[in-house]
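First the structure, in the form of structure tokens, and then the observations on it.
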Amino acid sequence: MTADADDQPHPQRPDRPAVGTALQFRWRKWDGGAHWVNDEIYLGSDRWGDWLGQPAGWNNARPARAFAAEHDSVTLIPPSGDFAYTHNAAPHPTRVYIDIAWDVRWDAGLPTGIDMDLDVVRREPAAPYLDRDGVLRSPGDVYIEDRDEWDEHRVAYGYPLDLVERLESVAVDLEGRVRDGLPPFDDETAQRWLARLAALPPVPQPAPADFTDADEPAAPAPAGPDPARPGSAA
């Protein structure tokens with residue numbers, strides 16, 4: 001199979017929804033607690049895995065917080081199940097956001113996963129900026145963030161040591177691949193899927209996520225730009 005053929009959508013899998021189907025990507029924390037729910041559209045698959053798209057204006061919610069996306073984005077769910085890669089369309093300042101994860105899989109036709117705190121990011125604001133740790137960054141820098149949350153939660157939740165070692169290795173590997181612009185983390189791959197999202201006919205958005213069993217209901221976020229990534233813990 002040629003590289004060009006690899007980049008084309010693969011035939012529809014029987015355990016996946018039809019292309020153009022609206023769905024919700026449901027995240028949870030290690031203890032089973034509710035986390036982000038992202039309204040998405042199934043776009044298809046390629047050799048890297050399954051791709052979802054979120055049009056601007058579609059919702060992202062978790063207990064006590066909700067916001068509408070300001071820009072289109074696409075998200076890759078790889079077969080490994082240990083991350084979810086999102087590419088936000090320009091001019092979103094966070095172009096790449098990878099949630100390090102566990103048990104990302106399809107369950108009864110819907111994607112689910114456990115958020116594991118660490119994130120790999122590439123931000124491209126108009127000027128240098130301070131990251132969450134107060135480090136001065138240049139536009140285009142690639143780095144791992146939320147290490148403090150990772151350190152806190154791996155003790156509080158009792159993450160298994162072998163899992164900690166594996167996901168730390170995954171994060172470092174992804175950081176290098178994003179920095180080098182290797183597929184599927186190159187802009188060209190993301191642009192092809194963003195184009196497919198834009199070419200879809202209008203799709204009704206899913207009903208708002210229900211957090212009635214969670215500690216707090218989702219509430220509108222304050223006015224301002226959307227966070228770095230819907231699936232992030234930020």
Side-chain angles (χ1 to χ4, degrees), residues 7 25 27 36 38-41 43-60 67-78 80 82-101 104 111 113 115-147 149-150 170-200 221 224-234:
D7 289 335
F25 189 172
W27 291 89
W36 286 106
N38 311 128
D39 290 354
E40 307 275 359
I41 300 172
L43 299 179
S45 65
D46 61 11
R47 65 186 176 120
W48 307 110
D50 292 289
W51 289 84
L52 310 176
Q54 184 177 70
W58 279 40
N59 201 44
N60 306 279
F67 70 92
E70 293 188 352
H71 306 85
D72 288 356
S73 67
V74 291
T75 296
L76 169 66
I77 301 176
S80 64
D82 49 18
F83 69 88
Y85 155 54
T86 293
H87 188 105
N88 293 297
H92 196 297
T94 300
R95 207 59 51 83
V96 168
Y97 203 97
I98 303 179
D99 291 284
I100 304 303
V104 179
D115 178 82
M116 298 301 290
D117 313 314
L118 292 175
D119 306 299
V120 177
V121 299
R122 188 187 94 210
R123 294 195 168 97
E124 298 189 16
Y129 64 98
L130 294 177
D131 69 13
R132 295 178 184 176
D133 294 324
V135 177
L136 182 63
R137 299 285 184 182
S138 298
D141 280 357
V142 177
Y143 55 95
I144 299 170
E145 70 178 14
D146 288 341
R147 289 186 179 276
E149 185 177 15
W150 168 251
V170 167
V172 171
D173 176 65
L174 290 170
E175 181 185 28
R177 292 165 65 189
V178 172
R179 184 175 291 119
D180 292 341
L182 300 178
F185 309 108
D186 58 317
D187 291 342
E188 183 180 356
T189 298
Q191 289 304 319
R192 285 196 295 271
W193 287 101
L194 284 166
R196 288 172 187 145
L197 173 63
L200 289 175
D226 54 339
R229 162 63 190 135
S232 76

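Just so it is clear, the structure is predicted and the values come from calculations on it, not from any experiment.
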Q) Within 45° of the axis and under 6.0 Å from the centre of the six-membered ring of W193, does NZ or CZ of R196 qualify? A) yes
With side chains defined as the heavy atoms from C-beta onward, is the minimum distance between [X] and [Y] less than 4.5 Å?
| X | Y | value |
| --- | --- | --- |
| W51 | E40 | no |
| R123 | P93 | no |
| V142 | V96 | no |
| L52 | P111 | yes |
| Y143 | V121 | yes |
| E70 | P91 | no |
| R95 | H87 | yes |

Nearest non-hydrogen partners of [X] and [Y], listed with the distance:
| X | Y | value |
| --- | --- | --- |
| A68 | N59 | N-OD1, 4.1 Å |
| G113 | F25 | N-CE2, 4.1 Å |
| P139 | A126 | CG-C, 4.4 Å |
| L130 | G134 | CD2-O, 3.5 Å |
| L197 | S73 | CD2-O, 3.6 Å |
| V74 | A190 | CG2-O, 4.1 Å |

Q | side-chain contact (heavy atoms from CB on, under 4.5 Å) partner of V120, chosen from D173, L174, V172 | A | L174
(Q) Quick check on side-chain contact (heavy atoms from CB on, under 4.5 Å): which of L118, D119, I144 does I100 satisfy it with? (A) L118
Q. So how far is it from Q54 CD to L194 CG, rounded to the nearest 0.5 Å?
A. 11.5 Å
Q: Quick one: pull up CG in L76 and CG in L43 and give me the separation to the nearest 0.5 Å.
A: 11.0 Å
Q. Is the shortest distance from a Lys or Arg side-chain nitrogen in E145 or R137 to a carboxylate oxygen in the other one below 4.0 Å?
A. no
(Q) Filter on salt bridge (charged side-chain N to carboxylate O under 4.0 Å, His left out), then keep only pairs touching residues 83-92, sequence neighbours left out; what's left? (A) none
Q: Could you please spell out the steps behind the side-chain hydrogen bond (donor to acceptor under 3.5 Å, both in side chains) verdict for W36 and D99?
A: CA-CA 12 Å; W36 286 106; D99 291 284; over 6 Å; no
Q. With no hydrogens and no angle check, is any side-chain donor or acceptor of D72 less than 3.5 Å from a backbone partner on P55?
A. no
Q) For the side chain of D131 and the backbone of D133, is there at least one donor-acceptor N/O pair under 3.5 Å apart? A) yes
Q: Sort out for me which residue in N88, T86, D50 forms a side chain to side chain donor-acceptor pair (under 3.5 Å) with T75.
A: T86
Q. What is the ring orientation for Y85 with F185, classed by angle as parallel under 30°, tilted 30 to 60°, or perpendicular over 60°?
A. perpendicular
Q. Under the ring-ring contact (aromatic ring centres under 6.0 Å, His included) test, which residues partner W58, sequence neighbours left out?
A. none
